[in-house]
Amino acid sequence: MELAGIELKNPVMVASGTFGWGREYADYLDLNKLGAIVTKSITLLPREGNPPPRIVETPSGMLNSIGLQNEGLDYFLKEDLPFLAKFATPLIVNIAGESAEEYAELAKRLSRETAVKGIEVNISCPNVKKGGMAFGVDAGLTKEVIAAVKKATSQPIIAKLTPNVTDITVIGQAAVDAGADALSAINTLVGMAIDIETGGSRLGTLTGGLSGPAIKPVAVRMVYELARAVNVPVIGIGGIMSGGDAAEFLLAGAQAVEVGTANFVDTAAPLRILAELNDHVHRHPRALNLS
Amino acid sequence: MAIQEKCRIEDHKQVGPRHYKLTLASQYLASHAQPGQFVNVRCCETSDPLLRRPISLHRIDAQKGMIELLYEVVGRGTELLSKKPVGQELDLLGPLGAGFKIDPAKKIHLMAGGGMGIAPLRALAEQVTGRGSRVAGQAVYILIGAKNKESLIGEDELRKTTDQVQTATDDGSAGKKGVVTDLLLDFLDSQLSVTSYPLSVIYACGPRLMLKAVAEIARQKKIDCQLSLEERMACGIGACKGCPVKTVSGYKMVCKDGPVFDAKELVWN
């Protein structure tokens, strides 16, 4: 299937930050069978990430505060890209920066790689002091970043949106106006968990990003709103654990989905979800008008 | 290579106030796992609690195709796990992480476990001693620390691997009154000659403060030391970057680079 100029193998992709750089999961499932691989966020320079603890389990979900730990673009191009290029699955590289120029530089250099089929722009990470979500909560800054990326690359651009806004369609429209070819939603919801013994945060930072089944209803609602507001494809993300969950997003208007936190629970999650989704479509041909 | 597989529960016994021993059938895990490695266990089929629970391998029996886990109920995940009956299958991911490294040049193996930290030491002791049969020239000493007599788990079983087992409890209700590092210092000063320090290695697992103290002792005495760490995890396979530990070369992941680290690598704050 085609989505915004990217030839996906199927509508089930993996979500950034939950699938490493693909290599980590290669022993557990056939990467060739994924709809697409979306990498963990890559920044221009290496990032050490946030102090521990970085993970807290919460009811039907988890808070994370990883802080975009990664080895930087040069390392990615040298060490991870050659591995990912071996697979027939389209590769979408997720990028994050502290300024529009950084995003543009990342997009420019990644576009030179034939293995890269699309760029997902992370303007929604809640766990960094500079950049990330700061862009995605402001329509003007969203436009600025997406326009800079658009100018730097001819690759399809997916803007990954944050749910931590009053009206996600305003940000979505701003991204589309600036040249986004698709939108993905949602990134994590900002949350907190307090240790009642010590009175402090249960994370190394004060807040973290909530993911998992707990956020699915919020995500479905926001995908529904976006799909009706913009004229580009929407990719649904948020707590998808089963084929039924994926179907719910497609019914809300998404054209594809990304499986995230489920990867931590079940290493075969994306392929299991794809099989369940296909089965569901087969049993309910009219409910989901999918090709 | 690790795999995700369903393993049948062959035995499941309560062995302490909140402590359980779980025997699982897995020829793959039993043949491939190394002492110090762990499995990431799915404790329920629903989404709450959501994440797997990392549990170290207590015994690895390749001949029988069995592994044993020794764990304490500390929250909802392990609580649900403790209710799983014999005959049911558990979804395991493993063997994961980097385990203990056994250096053939070392002749004296000192194993220190605090609380549930004794869990991986059984597998390690069995490996070093050749699964019970004495290997010439290899001496294994096990030092156990616990809160009290009731939470002193696995002592009898550890005695099957070596007759050199010493215990300490915080309240003195069993063994010596004190902590496991008291036993370690005492042992190094009174029972081991300084000349044998280079032939010795310390392996430790337990609470963070205990490990920090063990690392400091090992540094002062210039004895090689391997520590098995614990951290909250999500994926268990190095993908999520959720379980960092500070090392001399930056953050490393407890799940993938560890859980066993050379004490010299770790940075304590």
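So that the names make sense, note that chain A is the first sequence line, chain B the second, and so on, each numbered from 1. The shown structure was predicted, so the numbers you read here are calculated from the model rather than taken from an experiment.
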Nearest-0.5 Å distance, CG of residue A:L29 to CD of residue B:Q4: 9.5 Å

Among residues 251-262 of chain B, which ones touch chain A with a heavy-atom distance under 4.5 Å? B:Y251, B:M253

At a heavy-atom separation under 4.5 Å, does A:T261 approach chain B through its side chain, its backbone, both, or neither? side chain

Work out which heavy atom in A:T58 is nearest to a heavy atom in B:D48; give both atom names and the distance. O-OD1, 4.4 Å

When the 4.5 angstrom heavy-atom criterion is applied to A:A262 and chain B, the contacting part is neither

What part of A:D266 lies closer than 4.5 angstrom to a heavy atom of chain B: side chain, backbone, both or neither? both

Could you report the tightest heavy-atom contact between B:L51 and A:F264, atom names first, then the distance? CD2-CB, 4.3 Å

Short side-chain to backbone donor-acceptor contact, A:E57 and B:P49, under 3.5 Å: no

Contacts of residues 67-88 of chain B with chain A (heavy atom under 4.5 Å): none

According to the salt bridge (charged side-chain N to carboxylate O under 4.0 Å, His left out) rule, which pairs have a member within residues 197-214 of chain A, sequence neighbours left out? none

I need the residue from A:N70, A:V265, A:V56 with the largest number of non-hydrogen atom pairs under 4.5 Å to chain B. A:V265

Taking 4.5 Å as the heavy-atom cut-off, does anything in residues 232-244 of chain B contact chain A, and if so which residues? B:R232, B:M233, B:A234, B:C235, B:I237, B:G238, B:A239, B:C240, B:K241, B:G242, B:P244

Is A:N64 in contact with chain B via its backbone, its side chain, both, or neither, using a 4.5 Å heavy-atom distance? neither

Among A:P52, A:S65, A:A214, A:G67, which residue forms the greatest number of heavy-atom pairs with chain B at distances under 4.5 Å? A:P52

Of the listed residues (A:W21, A:Y25, A:F19), which shares the most heavy-atom pairs with chain B below a 4.5 Å separation? A:Y25

For the candidates A:G61, A:G204, A:G17, A:G212, which exhibits the highest count of non-hydrogen atom pairs separated by less than 4.5 Å from chain B? A:G61

